[in-house]
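Working notes, beginning with the structure itself.
We name chains A, B, ... by the order of the sequence lines, and we start the count at 1 in each one. Here the structure is a predicted model, which means the values were calculated and not measured. All heavy atoms count here, side chains included; hydrogens, waters and symmetry mates do not.
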2 protein chains.
Amino acid sequence: MTESDFTSILSRHGIRPTQQRIAVYKYLVSNPSHPSADTIYRALSEQYPVFSRTTIYNSLNTLVEAGLVRTVNICPEEQRFDATIDDHGHFICEKCNGIFDFDLNPEVLDKLCPEGFKFRQGDVFFSGTCPDCSR
Amino acid sequence: MTESDFTSILSRHGIRPTQQRIAVYKYLVSNPSHPSADTIYRALSEQYPVFSRTTIYNSLNTLVEAGLVRTVNICPEEQRFDATIDDHGHFICEKCNGIFDFDLNPEVLDKLCPEGFKFRQGDVFFSGTCPDCSR
DNA sequence: ATAATTTTTTGTAATCAATACAATTATTTA
DNA sequence: TAAATAATTGTATTGATTACAAAAAATTAT
C-alpha cells in the first residue's frame with residue numbers, strides 16, 4: 001500500500017487524512033501485533049521527532065469512530081488497537097504473552113449469539129498455551 | 001447459601017475465609033451484575049463501616065487466583081468481576097449498557113479454537129442491541 | 001496459655017493510562 | 001487574502017490500580 005492509498009482510505013471514511021492520522025493508521029496496518037497507544041507513540045516518535053502523545057490518542061479515537069480500527073480489550077491495564085476490523089478471534093498465550101489472530105466463521109458467531117439479541121461486533125478471546133509453548 | 005457455605009468454599013480453595021473475603025465473594029455471588037471493585041466497595045462500605053478499598057482489591061485478586069472469581073474485560077476503563085466461573089458469553093447492550101450472560105456450548109468453543117492451541121479459558125463478547133432496546 | 005511468627009487488613013502515597021483543556025498551528029471556506 | 005473551522009500540542013487532571021509500611025488478627029511453637 002502506498003501513501004496515497006492510506007490517504008484515500010481515510011478520506012473515504014470521512015476523516016481528514018492528516019500526516020499524523022496516516023502515520024498511525026499505516027503503523028497499525030504494518031504492525032498487526034495489536035500495539036498499545038504507547039507502543040505506537042514510541043515507534044512514531046523516532047520517525048517524526050514532533051509527535052504528541054495526545055495526538056496518538058486523538059488519532060486512534062478518530063480512526064475507531066470512523067470504523068477503520070478496532071479496540072481490543074486483551075489486557076485490562078491498557079487498550080490495544082487493531083487495523084483488522086473484520087470479525088476474528090484472539091488467542092493470548094499465557095507463557096510467551098504472544099497474541100495470535102485466528103479466523104472466525106461469521107455463521108458460527110451468529111449461532112453463539114442468543115436469540116433476540118442483535119450483535120454489531122463479536123469478540124472471541126482465548127487464553128492458554130500456544131503451539132510453540134506447548135512443547 | 002449460608003454463611004458457613006461460603007466459609008467452606010473459600011477453605012476448600014485454599015484461602016483463609018476472612019470476614020472480608022467472605023463478604024466480597026458473597027456479594028459477587030448475590031450480585032451477578034459483573035460489578036467493578038468500586039461498586040463492591042461502595043456497597044460493602046454501607047454494611048461494614050470499616051472496609052478498606054485496598055482490601056477489596058486484595059480480596060478480589062486472591063479470589064481470582066484461587067479460581068473462584070473471573071475477571072471480565074468488558075469496559076476498558078475498569079475491571080469487572082464475576083463469580084460465575086464456567087465458560088459463558090457476555091452480551092453488552094450499547095443502548096442500555098446492560099450486561100447479559102448467555103450459555104456457551106463448550107464443544108462449540110472447542111471448535112472455534114485454532115488447531116494446536118490449548119485454551120484454559122474462553123471469552124465471548126458481543127456488543128449490540130438487546131431485545132428490549134431493539135423494539 | 002503465652003510468645004513468636006505469619007498472614008491479613010488498612011490508609012496513604014505512588015503509578016500510569018487516558019482525558020480535559022486552552023493555546024498554537026494548519027487547513028478549508030468565504 | 002481574511003475569517004472560520006479543524007487538528008495538533010503540551011500541560012494539568014482524572015481515576016483505577018498497585019506499592020508500601022504499620023497495625024491488627026490469626027496461627028504455630030514453646
Side-chain angles (χ1 to χ4, degrees), chain A residues 4 6-11 13-28 34-66 68-82, chain B residues 6-8 10-11 13-28 34-66 68-82:
Chain A
S4 78
F6 290 109
T7 305
S8 62
I9 291 175
L10 296 210
S11 296
H13 280 78
I15 58 177
R16 207 184 287 176
T18 65
Q19 222 198 355
Q20 289 86 340
R21 288 173 182 166
I22 291 169
V24 169
Y25 185 56
K26 196 176 171 183
Y27 182 86
L28 277 171
H34 316 85
S36 66
D38 194 61
T39 303
I40 301 170
Y41 170 70
R42 277 183 282 112
L44 294 185
S45 291
E46 288 177 17
Q47 299 172 44
Y48 310 81
V50 179
F51 222 102
S52 168
R53 202 175 234 103
T54 303
T55 301
I56 303 288
Y57 283 103
N58 288 343
S59 301
L60 285 168
N61 288 338
T62 305
L63 289 166
V64 168
E65 279 163 30
L68 277 166
V69 168
R70 267 178 82 154
T71 59
V72 186
N73 294 328
I74 297 178
C75 17
E77 57 270 1
E78 65 180 0
Q79 194 115 11
R80 303 296 202 87
F81 298 88
D82 193 350
Chain B
F6 290 110
T7 305
S8 63
L10 297 210
S11 295
H13 279 78
I15 57 177
R16 206 182 287 175
T18 65
Q19 220 198 356
Q20 289 84 342
R21 287 173 183 166
I22 292 171
V24 170
Y25 185 56
K26 195 175 171 183
Y27 183 86
L28 277 171
H34 316 85
S36 66
D38 195 61
T39 303
I40 301 170
Y41 171 70
R42 277 184 283 110
L44 294 186
S45 291
E46 288 178 17
Q47 298 170 45
Y48 309 81
V50 180
F51 223 100
S52 167
R53 201 176 236 102
T54 303
T55 301
I56 303 289
Y57 282 103
N58 288 343
S59 300
L60 284 169
N61 288 337
T62 305
L63 289 166
V64 168
E65 279 164 31
L68 277 167
V69 167
R70 270 178 80 153
T71 58
V72 186
N73 293 329
I74 297 178
C75 15
E77 57 271 1
E78 64 179 0
Q79 193 115 10
R80 302 296 201 88
F81 298 88
D82 194 348

Rounded distance in Å - [atom1] ([X]) to [atom2] ([N]):
{"X": "B:N61", "N": "D:dA16", "atom1": "CG", "atom2": "C1'", "answer": "13 Å"}
{"X": "A:D38", "N": "C:dC16", "atom1": "CG", "atom2": "C1'", "answer": "10 Å"}
{"X": "B:Y57", "N": "D:dA16", "atom1": "OH", "atom2": "P", "answer": "7 Å"}
{"X": "A:Y41", "N": "D:dT8", "atom1": "OH", "atom2": "C1'", "answer": "13 Å"}
{"X": "B:I15", "N": "D:dA26", "atom1": "CD1", "atom2": "P", "answer": "16 Å"}
{"X": "B:Q79", "N": "D:dT17", "atom1": "CD", "atom2": "P", "answer": "6 Å"}
{"X": "A:R16", "N": "C:dT25", "atom1": "CZ", "atom2": "P", "answer": "17 Å"}
{"X": "B:I56", "N": "D:dA16", "atom1": "CD1", "atom2": "C1'", "answer": "14 Å"}

Check: B:H34 main-chain N/O paired with B:R80 side-chain donor or acceptor under 3.5 Å
yes
Both A:A37 and A:N58 contact DNA chain C. Taking the nearest nucleotide for each, which residue is further toward the 5' end?
A:A37
Could you check B:V50 against A:R53 and say which one's nearest nucleotide on DNA chain C is further toward the 5' end?
B:V50
At 4.0 Å (heavy atoms only), tell me whether A:T54 reaches a base, stays on the sugar-phosphate, or touches nothing.
base
At what distance, to the nearest 0.5 angstrom, does CZ of B:F51 lie from OG of B:S59?
6.5 Å
Spacing of A:L68 atom CG and A:L63 atom CG [to the nearest 0.5 Å]
6.0 Å
Between the side chains of B:S8 and B:S11, is a donor N or O closer than 3.5 angstrom to an acceptor N or O?
no
